[in-house]
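In what follows, chains carry the letters A, B, and so on, assigned in the order in which the sequence lines appear, proteins first and then strands, with residues in each chain numbered from 1. Computed from heavy atoms alone, side chains included, the values below leave out hydrogens, waters and symmetry copies.
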Number of protein chains: 2
Amino acid sequence: MVVAGRQPLSRRRVLEEAVRFTDREGLEALTMRRLGSELGVKAMSLYNHVPNKSALLDGMVEVLLGELEVPPETHDWEERIKEGYRAFRRLAHEHPNVFPLLVNRPPDTMDGAWLVEELLQTLRRAGFERETALHAFRALSSYAFGYAMAEIRGFTLEPNGSRLGARSLSPAEFPNLCELAPYLEEVDHDREFEFGLELIIAGMRDRS
Amino acid sequence: MVVAGRQPLSRRRVLEEAVRFTDREGLEALTMRRLGSELGVKAMSLYNHVPNKSALLDGMVEVLLGELEVPPETHDWEERIKEGYRAFRRLAHEHPNVFPLLVNRPPDTMDGAWLVEELLQTLRRAGFERETALHAFRALSSYAFGYAMAEIRGFTLEPNGSRLGARSLSPAEFPNLCELAPYLEEVDHDREFEFGLELIIAGMRDRS
DNA sequence: ACCTGAACACCGTTCAAGT
DNA sequence: ACCTGAACACCGTTCAAGT
């Protein structure tokens, strides 16, 4: 006999609604007041489940990383590493408006640690030294994060699409950029991501 | 006979003060009202030089990228590429609180385009195909951006430092992470960044 | 042309009061 | 134990008014 959508509030329910709402409306639209009304409650009620907005955002990162799912083990260390980062990038696609929170709040919890552990493990078993494994792990992580962010927000150095279309791009000054301009819109991001992953792993192969 | 620091306002002066202030006080402290008072003026005066806050932030990215300085040409393409990304990363160190703006506002201007052009040019001259050059450029850019952001805000998957110190990290669950924990604080970021750069370039070498 | 005071519609957050 | 109304100290932004 419960009215639809009126289960009692809980930290978990608040966080999940915050993620759902942000995916739909964007991070800028997420205010305590709007989130409250989304849950059929006044803003102040949220403070019973979350100490403040900053903690709310941390909690959303927790929910995000909780959805990380890496397929079962394979025997090939290279494929295993790739699967890990594919799963990470998948988060960006599933929650494009929440994923960027990772920038401002590296996890205060242990939610991502198991993946770190597993990737390090994989590298150690593949024969890499302790420190080499760490550096390689961080190179791969930096790449995967940077690429996923670029997909969501645009590549940081490249002028954005509308500029590229305009004739503000003079062939005399920017011959290579101009040559690429028509092609840029159609780049297959899945393949491009794999290309970079393969590039780094190829570099590692030389070293193992 | 001008009173110190009371030159007339201009778009440029507003943007530069915004960058200086943000480096000092952080992005959260940057409000139109505080920036105004920093310039000895009321907030509303800023709207004479900048249409709104969003445009102010865009302008700050403009200032940031305007400081990009790549050393004069070398003959070695690999070294040339590295110099480009070192210069990019240097921006993060010089303006750690402004650099993250790149995430939210990929440049609406052409301020970074010359570096893109030059990097692409270097790759083409080194013998890479048009599309291969693009993919490699983006792999390198994603890595460099991801790494620089990680230096500023922390690595996105790794639990943060204070967690690592705590015994919340059980050696049974996270043997590899625990093994690295004491070492993590002392990692030389310059060397680690170079390691990753070299890794990607090594992967490219195989292909050229 | 540039600056300002007053005002508007918003924020996050606190706290005493209700059930 | 959980929710709320009223209030506080802030935001960005508009606009009519001043010089």
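- Here A:E94 pairs with nothing under the side-chain hydrogen bond (donor to acceptor under 3.5 Å, both in side chains) rule; sequence neighbours left out.
- Of the candidates C:dG12, C:dA6, C:dC15, C:dC15 carries the atom nearest the A:M44 side chain, counting heavy atoms from C-beta on.
- Residues from residues 23-36 of chain A that place a heavy atom under 4.0 Å from any atom of DNA chain D, listed by number: A:R33.
- Nearest nucleotide to the side chain of A:N48, out of D:dT4, C:dT14, C:dC3: D:dT4.
- Residues A:E83 and A:R86 are paired through a salt bridge, judged by an N-O separation under 4.0 Å between the basic side chain and the carboxylate.
- Between the CG atom of B:L39 and the P atom of C:dC2 there is a distance of 15 Å, given to the nearest Å.
- Ring planes of A:F155 and A:H189: perpendicular class, angle over 60° (limits at 30 and 60°).
- Because its NZ or CZ atom is both nearer than 6.0 Å to the ring centre of A:Y183 and within 45° of the ring axis, B:R130 counts as a cation-pi partner of that residue.
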Can you give each donor-acceptor pair under 3.5 Å made by side-chain atoms of residues 26-38 of chain B, sequence neighbours left out, with the distance rounded to 0.1 Å?
{"from": "B:T31", "atom 1": "OG1", "to": "B:R34", "atom 2": "N", "distance (Å)": "3.0"}
{"from": "B:S37", "atom 1": "OG", "to": "B:R34", "atom 2": "O", "distance (Å)": "3.2"}
{"from": "B:E38", "atom 1": "OE2", "to": "B:R24", "atom 2": "NH2", "distance (Å)": "2.7"}

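- Here A:F88 and A:Y147 keep their ring centres 6.0 angstrom or further from each other.
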Report, one line per pair, each donor and acceptor closer than 3.5 Å where one atom sits in a side chain of residues 113-122 of chain A; sequence neighbours left out.
{"from": "A:W114", "atom 1": "NE1", "to": "A:D111", "atom 2": "O", "distance (Å)": "3.3"}
{"from": "A:E117", "atom 1": "OE1", "to": "B:N176", "atom 2": "N", "distance (Å)": "3.3"}
{"from": "A:E117", "atom 1": "OE1", "to": "B:L177", "atom 2": "N", "distance (Å)": "2.9"}
{"from": "A:E117", "atom 1": "OE2", "to": "B:N176", "atom 2": "N", "distance (Å)": "3.0"}
{"from": "A:E117", "atom 1": "OE2", "to": "B:N176", "atom 2": "ND2", "distance (Å)": "2.9"}
{"from": "A:E118", "atom 1": "OE2", "to": "A:R80", "atom 2": "NE", "distance (Å)": "3.2"}
{"from": "A:E118", "atom 1": "OE2", "to": "A:R80", "atom 2": "NH2", "distance (Å)": "2.0"}
{"from": "A:T122", "atom 1": "OG1", "to": "A:E118", "atom 2": "O", "distance (Å)": "2.8"}

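- With rounding to the nearest 0.5 angstrom, the CD atom of B:E151 is 3.5 Å from the NE2 atom of B:H93.
- Base pairing in DNA chain C yields stems of at least 3 consecutive Watson-Crick or G-U pairs, both distances under 3.5 Å, namely C:4-8 with D:12-16, C:12-16 with D:4-8.
- An OP1 or OP2 oxygen of C:dT4 is reached within less than 4.0 angstrom by a side-chain nitrogen or oxygen of B:S45.
- Atom pair B:L46:CG and C:dC2:C1' shows a separation of 12 Å (rounding to whole Å applied).
- Interatomic distance, B:L197 CG to B:R89 CZ, rounded to the nearest 0.5 Å: 9.5 Å.
- Using a 4.5 Å heavy-atom threshold, the side chains of A:S141 and A:Y85 count as touching.
- Taking atom NZ on A:K42 and atom P on C:dC11, their separation rounds to 13 Å, with Å as the unit.
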### Task
With side chain to side chain contact (heavy atoms under 4.5 Å, CB included) as the test, would you mind laying out the steps for A:L91 and A:L65 before giving the verdict?
CA-CA 8 Å; A:L91 291 183; A:L65 292 179; 4.1 Å; yes
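- Within residues 49-61 of chain A, the residues that have a heavy atom under 4.0 Å from DNA chain D are, in order of number, A:H49.
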